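Note sheet for the following structure.
Throughout, residue positions are numbered sequentially from 1 according to the sequence presented. Treat the numbers as computed from the prediction; the structure is a model and nothing was measured. For the numbers below, each heavy atom of this structure counts, side chains included, while hydrogens, waters and symmetry mates do not.
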Amino acid sequence: MTSKSFEFNASNLEVWQKAAVKSAPGGDVNALNWKTPDGIVVKPLYTAEDTVNLPYANTLPGFEPFLRGPQATMYAVRPWTIRQYAGFSTAEESNAFYRKALAAGGQGVSVAFDLATHRGYDSDHPRVTGDVGKAGVAIDSVEDMKILFDQIPLDKVSVSMTMNGAVLPVLAGYVVAAEEQGVSQDKLSGTIQNDILKEFMVRNTYIYPPEPSMKIIGDIIEYTAKNMPKFNSISISGYHMQEAGANQALEMAFTLADGKEYVKTAMAKGMDVDEFAGRLSFFWAVGMNFYLEIAKMRAARLLWCRIMKGFDAKNPKSLMLRTHSQTSGWSLTEQDPYNNVVRTTIEAMAAVFGGTQSLHTNSFDEAIALPTEFSSRIARNTQLIIQEETHITNVIDPWAGSYMMESLTQEMADKAWAIIEEVEAMGGMTKAVGSGWAKLKIEAAAAEKQARIDSGKDVIVGVNKYKLAKEDPIETLSIDNVRVRDGQIERLAKIRASRDSAKVQAALDALTASAESGQGNLLDLSIQAVRLRATVGEISDALEKAFGRHRADTQKVTGVYAAAYDDGDNVGDTMEYWNQLKADIAAFADAQGRRPRVMISKLGQDGHDRGAKVVATAFADLGFDVDMGPLFQTPEECARQAVENDVHAVGVSTLAAGHKTLVPAIIAELKKQGADDIIVFVGGVIPRQDYDMLYEAGVKGIYGPGTPIPVSAKDVLEQIKKALA
């Protein structure tokens, strides 16, 4: 028996279409098309016709427009750098982790700072009681930095630091720690994130308003170009945009538009573009949309080359987009968590096929808590296995020439370029961010995605399909926040007692004066202050005197979540559940004379508000009255707003492990204000071993990752009814 063999031509394509019709749903070949979240239609079959008019399909790696990779030989000569993004508890514990990781095959250090440090507070500040040492390492001074990098040779090991708000004192601390290790600035290699525009859109670890924040970025680019030629002065990050809900086209477009804005800022300081552009780098999220992630990374290099040509860049290094990548944290599930090993492997493969220069792979337990040493080893070994066992590295851009991939790369480029042009029409990314437009675009995409999962349209294995009857507990890492904070406070007291206070104050005054006048370089002045043992909080306060502290407007999208239920294309009984819940809420309003009113809040310094915004949108679409608390509230401020707004319930969204301190505090504060009839519920990243403690503290509902929002909404409604009975 032999099979038919067809050489491609128009006539034979018709034969294929007739054969496909027989098996296609409803006899419609178009039913096999997949429409991506970006609005791109992906066909089930691509042919040579799809690549006929593509201008860059036959280019080479290492040459303009760098679609196939920034280096000519890519991984065939040098594989990507394996990084392990980590930081927790104290500088001592983080240092021990880094040294073990480097000994086990890690090739660079990637530092995660705690939220107190991100927001420019010293560990003894009253606003950060629940945040010190959680979700990152606590850094208050250069003494902490010296411990963090103890026995790590900073002239040989590249260091990546995810820092934006308190970027000046943190980068200054790294420079001074290296100096006191005997390493001069010109030998330092690595990257500081220093990408403030995306903070205003998604991650929210900003300190100052946009305009002075851009001044800080310009000063850092200027200083590092002159003094730290091997160091990347900025990592323009799309990662947090995708984690906050952006699809791949939005992530790419907004990130490149941010990059364009930073180039303008540096050039406005009188710098030639080729003086600094070669040290700009990027940072992508890599999620479960396998084909789109590969196409995104290829298309981004194409577009960045186009953008830099527009600035008249001449040096090839100025034209090439170099990137770090990280597998998705949002795609990880609490349910059946060992599935996350598979998810991370698939995402790592997409990053490699896309041509990343360095990569961090998330650990399988990060949907629940900070990674353990055991889970981190699996994550690191995932990369080592791809590098050492698969021979993937032997071929440069193996997807080149694929009818589908070349076509999809061009479609992704076109889609993103249209968004970039829309941003430019607004006056650039600073204006698009300042207006709130960019943030709302991402939040709408997040709400739509969550609704697709909750309604069963998008499958998440182990969450809304193929669920385990019983979940086995896994070991998680817990940080003793009180112990860490007490240790940091003790070290701060020693530093302040042993330094020359008059010299420190003079250095801080010089920073304030420079910020007010616009004269001088703020990184240079920060380094001088850090040498004298000025702290992260003191430097941040000195700048705040001139710049002020940014307060974001609280907005939410409406109607987007409900649209996924109202389009008539639902799975199983989700539509019936949704409609019944809306009817129950309407009945409550009739009986009580008002709708159930909830306040969604973020406590402490955790600015990751995707979950809070999506829940607020969904609850509002169901018929709740929803108030949004501002970011960075203390329990006292949150309780006061809840009482003033006469809410039935307060929902606390938590992703940074502060719930053990902050949630009991708000319950106590509500009681103190005579409002213990207001119920408290909690959602987000909460290890199951913390549930009993939270229930004992008085929490009425806990909704971990993967909980469908309608299910949590129904439970909240029932708890409100009980409280009123």
Side-chain angles (χ1 to χ4, degrees), residues 66 69-71 74-75 78-87 98 101-102 105-113 136 157-164 167 170-171 174 188-195 197-199 202-203 220 224 230-243 246 248 251-252 254-256 258-259 262 277-287 293-294 296-301 304 317 320-330 344 347-363 366 376 379-380 382-384 386-387 393:
F66 305 103
Q71 287 94 31
M74 291 298 288
Y75 310 143
R78 183 185 175 190
W80 65 94
T81 301
I82 298 173
R83 292 196 182 277
Q84 200 76 14
Y85 177 57
Y98 298 147
L102 289 167
Q107 296 155 349
V109 170
S110 189
V111 183
F113 297 94
V157 176
S158 70
V159 174
S160 173
M161 292 177 284
T162 300
M163 178 52 63
N164 302 282
V167 64
V170 166
L171 182 54
Y174 164 71
L188 294 173
S189 64
T191 305
I192 187 82
Q193 192 163 98
N194 194 26
D195 175 8
L197 285 175
K198 70 97 173 43
E199 296 297 326
V202 289
R203 192 162 171 260
I220 290 172
T224 53
K230 295 166 67 176
F231 197 82
N232 298 322
S233 56
I234 191 167
S235 174
I236 305 153
S237 174
Y239 183 87
H240 305 95
M241 296 182 200
Q242 188 178 139
E243 290 290 280
Q248 282 77 13
E251 178 197 5
M252 175 168 48
F254 284 172
T255 305
L256 296 178
D258 281 352
Y262 297 140
R279 300 314 305 175
L280 304 180
S281 68
F282 287 78
F283 176 24
W284 301 121
V286 184
E293 294 293 2
I294 299 168
K296 174 189 77 182
M297 295 171 75
R298 300 172 92 243
R301 289 191 290 269
W304 186 243
K317 289 186 176 179
M320 62 176 67
L321 183 154
R322 297 164 302 110
T323 192
H324 172 66
S325 301
Q326 181 174 337
T327 60
S328 174
W330 183 83
T344 295
E347 291 166 351
M349 296 270 284
V352 170
F353 284 137
T356 193
Q357 277 60 71
S358 65
L359 177 62
H360 165 81
T361 33
N362 286 333
S363 302
E366 289 189 59
S376 294
R380 184 172 58 252
T382 299
Q383 294 195 55
L384 289 170
I386 295 172
Q387 278 193 2
T393 58

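Across all their heavy atoms, S363 and A379 have their closest contact at OG-CB, 3.8 Å. Residues R301 and P70 share a closest heavy-atom pair of CD-CD, 3.8 Å.
How far OG of S237 is from CG of D195: 5.5 Å, rounded to the nearest 0.5 Å. T255 contributes atom OG1, which lies 9.5 Å from atom CD of Q242 (distance to the nearest 0.5 angstrom). M252 CE to L321 CG: the interatomic distance, rounded to the nearest 0.5 Å, is 10.5 Å. A distance of 7.5 Å separates CZ in R322 from CG in L280, rounded to the nearest 0.5 Å. For the atom pair E243 CD and W330 CH2, the distance stands at 9.0 Å (nearest 0.5 Å). The distance from atom CD1 of I234 to atom OG1 of T191, rounded to the nearest 0.5 Å, is 11.0 Å.
Counting heavy-atom neighbours within 6.0 Å of K317 NZ, excluding the residue itself, gives a total of 12 or less.
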Evaluate H324 against S160 for side chain to side chain contact (heavy atoms under 4.5 Å, CB included), listing each step before the verdict.
CA-CA 10 Å; H324 172 66; S160 173; 5.6 Å; no
Using the rule given for side chain to side chain contact (heavy atoms under 4.5 Å, CB included), can you reason through S110 versus M161, listing the C-alpha separation, both sets of side-chain angles and the distance that settles it, and then say yes or no?
CA-CA 6 Å; S110 189; M161 292 177 284; over 6 Å; no
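Listed for the Y262 side chain is a donor-acceptor partner under 3.5 Å among the backbone atoms of L197. A donor-acceptor pair under 3.5 Å is formed between the side chain of N194 and the backbone N or O of S233. Without hydrogens or angle criteria, K296 side chain to A285 main chain gives a donor-acceptor distance under 3.5 Å. Looking only at distances, no side-chain donor or acceptor of Q383 sits under 3.5 Å from a matching main-chain atom of I82.
Taking 4.5 Å as the limit, some side-chain heavy atom of T393 sits within range of a side-chain heavy atom of W80. A 4.5 Å side-chain heavy-atom check between F283 and Q326 finds at least one atom pair inside the cut-off. Using a 4.5 Å heavy-atom threshold, the side chains of K230 and L188 count as separate. Considering only heavy atoms from C-beta on, Q193 stays 4.5 Å or farther from M163 through its side chain. For the pair V157/Y98, no side-chain contact is recorded, criterion being any heavy-atom separation below 4.5 Å from C-beta on. Side-chain contact check for W284 versus Y239: every heavy-atom pair is 4.5 Å or farther apart. Within the 4.5 Å cutoff, side-chain heavy atoms of V111 are placed close to those of V109. Looking at heavy atoms from C-beta onward, L359 lies out of side-chain contact with T81 at the 4.5 angstrom threshold.
In this structure, E347 has no salt bridge (charged side-chain N to carboxylate O under 4.0 Å, His left out) partners at least two apart in sequence or on a different chain. Listed by chain and number, the residues in a salt bridge (charged side-chain N to carboxylate O under 4.0 Å, His left out) with R203 are E199 (sequence neighbours excluded).
Taking the six-membered ring for Trp and the full ring otherwise, W304 and F66 have centroids separated by 6.0 Å or more.
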Pairs under 3.5 angstrom only: tabulate donor-acceptor contacts from the side chains of residues 349-357 to other protein residues two or more places apart or in another chain.
residue : atom : partner : partner atom : Å
T356    : OG1  : T323    : O            : 3.3
T356    : OG1  : S325    : N            : 3.4
T356    : OG1  : S325    : OG           : 2.9
T356    : OG1  : S358    : O            : 2.7
Q357    : OE1  : T323    : N            : 2.8
Q357    : NE2  : G355    : O            : 2.9

